[in-house]
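Contents: one structure, followed by commentary.
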Amino acid sequence: MKILVVGKGGREHALLRAFDESPEPTDLFCFPGSDAIAEIAQPVEVDGLEALIEWMGVNDIELCVAGEESYLVKGEGLANLCEEAGIPCWGPHKQSAQLEASKEFAKRFMERHGIPTGGAVAAGSLAEARAAIGGHYPVVLKFDGLAAGKGVAVCLEESQGEAFLDEVFVQKRFGEGRVLVEEFLTGPEVSIFAAVVDDEYLIFTPARDYKRIGEDDRGDNTGGMGAVASRRLIPAATLERIEQEVVAPTVAGLRSENLPYRGFLYFGLMLTPEGPKVIEYNCRFGDPECQAVMPLVKGDLAGFCLGGAQGELRSDLLTFDEGWSVCVVLASAGYPAGSRSGDVITGLDAIGDARVYHAGTKRSGDDWQTNGGRVLAVVAGGVDRKAAVDAAHVAADQVRFDGMQRRRDIGILHFETT
Ligand code: AMP
Ligand code: GLY
């Protein structure tokens, strides 16, 4: 099967490895890909979405998979254009991907379908935002658009709120757009992934990511410094409640509003004292949660995604390992404020049974060098959490590069729900 994955990071590397390990032979391509991905999937060099669709048509691609989200909402939308071209696509149509692209759209969708989430008011100006906040802190401010992970500010006090509003409405750092003023929620976070095929779904292994750069969840927000995944991450009763109160009504809501959806749908949840509430939807798998979850997925992921893209939920093709998986991210010097490239990476051949997925590396002769903020994800599994934590951290200890940043509490911190 000829499969093309859109994206270039650690998540796409993990998806492509899983496709590569599917029982049917695969011929893999990636747009734009990376040097590491090129070892298993041929990079496609075209300029833009329309050219990509044409390339896929000419090259008989049988399945297009949206690893990252941006092309889902660019131009006419990746999935919409694939449909016109007759190419099965695992990833939703542009109108459905508004669940991720517009926080206001997502909030109104949840309100219409009674899906638990924090209360929120939309504001189109500095004055409206201040009025909506009404001096009540803490509050959460969210720019209503894709902002490369920088569009959310959890503001414990007024100075933080004012600083974010200045970025949005005065400096216009993210371009034109409104802000959602949202109720501040508390509780552990969990990421739930459903493979959605029209009115059906299959829930993958739950995961938790670690967003802050520093141990004990201190310091700046990042793209994710690690993740832990297991069926046992949260109690079965909690997962059941999430399915009944969040996943099922979301899938039914998409159907009732004629929003076509075939692809992964990510529910970012907070387990508040009143129950699970949705913080965000993403129309793709999580990064770095994907790197932790994929090694637990057994069976034929390629066949599963193709079936789904063609409208058939093939749950029979997959099983999920009952163990645990821990993903430790190794980030470059200066991340997340900046990043440094060109540091030589050593120890990659000493990680034993662990897996390593490349997020920001490049080849230089026989060496791998850093090439971005998040550089590598080292992933290992175990029958229980401790075994997976130990294996992942021991493997991560083998890898070195100058200025490397890494959290040693990945998989350890936050276990109050288990
Ligand atoms: P997001 O970019 O939507 O994933 O949000 C980034 C982070 O902000 C989340 O992982 C939460 O830790 C935090 N956050 C988002 N919404 C809320 C909320 N309503 N209350 C408290 N924290 C939130
Ligand atoms: N792990 C957070 C995300 O993928 O958005």
Side-chain angles (χ1 to χ4, degrees), residues 1 3 5 15 18-19 22-24 62-67 69 72 77-80 82-83 86-100 106 109-110 112-116 190-207 229 231 234 236-269 276 278 280-286 289-290 293-294 296-321:
M1 191 196 320
I3 307 175
V5 172
L15 283 171
F19 292 146
S22 292
E24 298 298 320
E62 294 164 84
L63 171 66
C64 173
V65 175
E69 66 279 10
L72 294 171
L78 176 71
N80 306 59
C82 278
E83 183 171 50
I87 304 163
C89 180
W90 186 241
H93 284 65
K94 179 173 181 171
Q95 56 274 39
S96 318
Q98 296 306 314
L99 278 186
E100 172 167 4
F109 176 91
M110 286 185 268
R112 283 195 294 280
H113 298 286
I115 295 160
V190 63
S191 307
I192 299 293
F193 307 96
V196 178
V197 180
D198 304 332
D199 54 355
E200 294 184 296
Y201 59 85
L202 175 69
I203 296 178
F204 276 48
T205 311
R231 249 318 143 186
I234 53 174
T238 307
L239 186 56
E240 177 75 26
R241 191 165 172 193
I242 292 168
E243 178 170 1
Q244 298 310 324
E245 295 179 12
V246 175
V247 179
T250 298
V251 174
L254 287 166
R255 260 326 241 189
S256 71
E257 296 193 21
N258 288 321
L259 293 168
Y261 209 108
R262 292 177 184 172
F264 291 120
L265 178 53
Y266 166 150
F267 303 81
L269 299 163
V278 178
E280 61 166 348
Y281 290 115
N282 292 308
C283 297
R284 49 166 176 83
F285 223 100
E289 293 99 320
C290 188
V293 170
M294 280 307 139
L296 298 172
V297 178
K298 307 292 172 201
D300 182 0
L301 188 71
F304 177 84
C305 293
L306 177 64
Q310 293 172 326
E312 205 186 338
L313 183 73
R314 295 287 313 272
S315 303
D316 56 304
L317 293 180
L318 297 182
T319 57
F320 299 97
D321 194 310

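Residue numbers start at 1 and run along the sequence shown.
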Taking every non-hydrogen atom, the tightest pair across [X] and [Y]:
{"X": "Pro206", "Y": "Val190", "answer": "CB-CG2, 4.4 Å"}
{"X": "Gly303", "Y": "Leu317", "answer": "C-CD1, 3.5 Å"}
{"X": "Cys283", "Y": "Ala97", "answer": "SG-CA, 3.6 Å"}
{"X": "Ala194", "Y": "Val247", "answer": "CB-CG1, 4.2 Å"}

Could you check whether any side-chain heavy atom of [X] comes within less than 4.5 Å of a side-chain heavy atom of [Y], counting everything from C-beta outward?
{"X": "Phe267", "Y": "Ile242", "result": "no"}
{"X": "Thr205", "Y": "Asp321", "result": "no"}
{"X": "Phe320", "Y": "Val293", "result": "no"}
{"X": "Leu296", "Y": "Phe204", "result": "no"}
{"X": "Phe19", "Y": "Cys305", "result": "yes"}
{"X": "Ile115", "Y": "Phe109", "result": "yes"}

- For the side chain of Glu280 and the backbone of Gly268, is there at least one donor-acceptor N/O pair under 3.5 Å apart?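 The answer is no, because no donor-acceptor pair under 3.5 Å joins these two groups.
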- Query: Is the side chain of Ser22 donor-acceptor paired with the backbone N or O of Ala302 at a distance under 3.5 Å, no angle test?
  - Reply: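 Side chain of Ser22 to backbone of Ala302, a donor-acceptor pair under 3.5 Å: yes, one is there.
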- Message: Give me each pair satisfying side chain to side chain donor-acceptor pair (under 3.5 Å) with a member in residues 246-257, each pair once, sequence neighbours excluded.
- Response: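 Non-adjacent pairs meeting side chain to side chain donor-acceptor pair (under 3.5 Å): Arg112-Glu257, His113-Glu257, Thr250-Tyr281.
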Distance (rounded to the nearest 0.5 Å) between [X] [atom1] and [Y] [atom2]:
{"X": "Leu254", "Y": "Leu99", "atom1": "CG", "atom2": "CG", "result": "5.5 Å"}
{"X": "Glu83", "Y": "Leu78", "atom1": "CD", "atom2": "CG", "result": "11.5 Å"}
{"X": "Leu15", "Y": "Arg284", "atom1": "CG", "atom2": "CZ", "result": "11.5 Å"}

Which salt bridge (Lys or Arg N to Asp or Glu O under 4.0 Å) pairs, counting each pair once, include a residue from [range], with sequence neighbours left out?
{"range": "residues 300-314", "value": "Arg314-Asp316"}
{"range": "residues 193-203", "value": "Asp198-Arg262"}
{"range": "residues 239-252", "value": "Arg241-Glu245"}

- Query: What pairs with Ser315 under side chain to side chain contact (heavy atoms under 4.5 Å, CB included), at least two apart in sequence or on another chain?
  - Reply: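 Ser315: side chain to side chain contact (heavy atoms under 4.5 Å, CB included) contacts with Leu202, Leu313.
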- Item | Ala79: partners by side chain to side chain contact (heavy atoms under 4.5 Å, CB included), with sequence neighbours left out |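 Here the qualifying residues are Cys89, His93.
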- Item | Contacts of Gln95 that satisfy side chain to side chain donor-acceptor pair (under 3.5 Å) - sequence neighbours left out |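 So Gln95 forms a side chain to side chain donor-acceptor pair (under 3.5 Å) with Asn80.
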- Task: Only counting residues at least two apart or in another chain, list the ones meeting side chain to side chain donor-acceptor pair (under 3.5 Å) with Gln98.
- Result: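 Gln98 satisfies side chain to side chain donor-acceptor pair (under 3.5 Å) with no residue once adjacent residues are dropped.
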- Test Leu306 against Ile3 for side-chain contact (heavy atoms from CB on, under 4.5 Å), laying out the working first. CA-CA 9 Å; Leu306 177 64; Ile3 307 175; over 6 Å; no
- Message: Quick one, Glu100 with Glu69, criterion side-chain contact (heavy atoms from CB on, under 4.5 Å). Give me CA distance, side-chain angles, the key distance, then yes/no.
- Response: CA-CA 8 Å; Glu100 172 167 4; Glu69 66 279 10; 3.4 Å; yes
- Query: Do you know which of Phe304, Tyr201, Trp90 makes ring pair (Phe, Tyr, Trp, His ring centres under 6.0 Å) with Phe264?
  - Reply: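 Of the listed residues Phe304, Tyr201, Trp90, the ring pair (Phe, Tyr, Trp, His ring centres under 6.0 Å) partner of Phe264 is Trp90.
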- Partners passing ring pair (Phe, Tyr, Trp, His ring centres under 6.0 Å) against Tyr266 (at least two apart in sequence or in another chain):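 Testing Tyr266 for ring pair (Phe, Tyr, Trp, His ring centres under 6.0 Å), a comparison that skips the adjacent residues, returns Phe193.
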